[in-house]
There are 2 protein chains.
Amino acid sequence: MQTIQSTSYPVHFQETGYDAINEFIAKKGFKTVFILVDENTHEHCLPILQQELEVDVTFEVIEIESGEVNKNLGTCMSIWQALTDLGADRKSLLINIGGGVITDMGGFVASTYKRGIQFINIPTTLLSMVDASVGGKTGVDLGVLKNQIGLFADPEMVLIDSLYLKTLSEKEMTSGMAEIIKYGLTYDKSLWSQFTDPTKNVDIEGMIHRSIEIKNEVVLEDRLEANLRKILNYGHTIGHAVESYFLESEDKTTLTHGEAIALGMITEAYISSKLFNFPLSDLELIKTTITRIFGKVPVSKEDYPAVIDLMKHDKKNVNGQVNFVLLEGIEKYKIDCKVSIDLIKESLDYYLA
Amino acid sequence: MQTIQSTSYPVHFQETGYDAINEFIAKKGFKTVFILVDENTHEHCLPILQQELEVDVTFEVIEIESGEVNKNLGTCMSIWQALTDLGADRKSLLINIGGGVITDMGGFVASTYKRGIQFINIPTTLLSMVDASVGGKTGVDLGVLKNQIGLFADPEMVLIDSLYLKTLSEKEMTSGMAEIIKYGLTYDKSLWSQFTDPTKNVDIEGMIHRSIEIKNEVVLEDRLEANLRKILNYGHTIGHAVESYFLESEDKTTLTHGEAIALGMITEAYISSKLFNFPLSDLELIKTTITRIFGKVPVSKEDYPAVIDLMKHDKKNVNGQVNFVLLEGIEKYKIDCKVSIDLIKESLDYYLA
């Protein structure tokens, strides 16, 4: 599949990507290449990568524990320390191979180690492929606040290989679908239409390529999130808050990112119907389609106040005002929308009904 | 004194600076401005700043403990948490008022909080005025490794007011002199000549302005430290290692940065004389002048191995090779010089003799 050129770097697919990495390492003359993995990608993905690498360098593998709960500064400190102990210098290369936790955190660690070393991202989950391949966002969580600490920094390249998806659970595959649906709802009707007919076969590689293409168009247009890029937050204002709330609640299971964003897309479509006459038929189709794929998140009325409180900490807020991306129709987004707390509660009621 | 225009921001002096800050805050419409201080600048410098600020905003003061030992990620986490708790959003402003610990760490915290907020630096020590006002370096230490974590990020502006220097101890004032001497030795004979005659009156404001001007020329020429900027490391290869070593040794006093760099400039001038025929008369003048101002650091032969070991972790190293900036004469620098361990030891012997 065709390479997608992002801000300052390419996103390569399959073999083209391995060729590019081999060439890059050879050309730059790295003596040691550092590879960041978690226990899962260490076992399932690193062997695939190593088989494809045909360069004469030493590889130093740094393994961290998988899971969003480890996406924090404590883990960063252990990676910075490992890089130091292994003698990584300013001209070293870090390859991050894993899901969004690895690529977000690895990008942050690389771009702040000795004021920045080069890094390459190899996302291995559907979610990180379609969400984290372009945009240059790196970061870690601060307590329950997602990506509160981080910066914009570009990798040297990104490699997408759908082979890595074979190591994913069904649940993880589904989780990534939420972002693809988001691209469909906000930007591409025909992508969305691939979800609404349950009898249709899914072309996952095509969907990944198209999703990255869309995100790239959006990011190239608005790298620093002044306008258009905000559409990527559709479903995320309520979704993120619910995800954080479930993560910090002891009596709640942890949600996948997809489950949380699924809830966010339904509730924010409801709000859109109330504020901008988003068609009720589309609203119903969104609810049935998304619920068929994701099921329902066990949120209850008692959870509303805490969830709404968390929204007030959203990074997108300015002057304490929560900002929504809403829809007038499929592909017709409205940014910077103010929504009353009562309407947010009503949308959660609609979700639960 | 005339404003110096750096990469993307101005360095203002005295009143011009306060006018610029007032204008900036008013124009950008900040509602809350966050101010980072330590207990010393809180008491002695913040009142001066507050008297000069004529804007209708709320100020939230975040205080940390002073000292290099607190320039670490633990302190960063407490500042990020304070910003979060105080409701700082992406459009907030952080003013860092203090020495290099405050401006380096405050710059790092600001440029990684919610992927970057705006910040202004007000250096209050001689060292941070002449060393940290331009160049865009931010960072914190990792264990004994100085500035191991950080990134290049520019403030909105820098304000220099020599009034803040009145709150400094004699020792702190002297510490800052080392960097000014470094600018003289590597770049400006006439600046250096102001130190060699002990009967001359010192024009401190002029020296500060000239030092920033020199550093700015160097940085504008070579922001990412590929070539010319390396001259700023004169005296720092050995100096930094000795500084780190004294910091981590329980039975050693902590050195000021100036004392360590003073040692570095003498030893590296000695190495220069051995490798590049740096004139012996200048070498002697450097030794007597710098020793008159800084005294001697109590380093001993037993310390050499540990000091040399620390040099191997210098951020400027590539492929394990320690790189020196040396001199063929005053103003005549040579970058990327390799030096044998024996010669480093010999230079320390010369210093001690």
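Just the heavy atoms: all of them, side chains too, but no hydrogens, waters or symmetry mates, feed the values below. Order of the sequence lines fixes the chain letters, A, B, ..., with proteins taken first and strands second; residue numbering starts at 1 for each chain.
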Can you confirm whether more than 12 heavy atoms, excluding those of [X], are under 6.0 Å from its [atom1] atom?
X	atom1	result
Asp85(A)	CG	yes
Glu248(B)	CD	yes
Lys338(B)	NZ	yes
Leu86(B)	CG	yes
Ile341(B)	CD1	no
Glu217(B)	CD	yes

For Arg115(B) against Asn147(A), the heavy-atom pair lying closest together: NH2-CB, 3.5 Å
If you look at every heavy atom in Gln148(B) and Thr84(A), which pair is closest and at what distance? NE2-OG1, 2.9 Å
Pair count under 4.5 Å, heavy atoms only, with chain B: among Leu73(A), Ile149(A), Thr32(A), highest is Ile149(A)
Distance (rounded to the nearest 0.5 Å) between Leu142(B) CG and Met77(A) CE: 6.0 Å
Taking side chain as everything from C-beta outward and backbone as N, CA, C, O, which of these in [X] sits under 4.5 Å from a heavy atom of chain A? Side chain, backbone, both or neither.
X	result
Lys137(B)	both
Thr138(B)	backbone
Leu145(B)	side chain
Phe108(B)	side chain

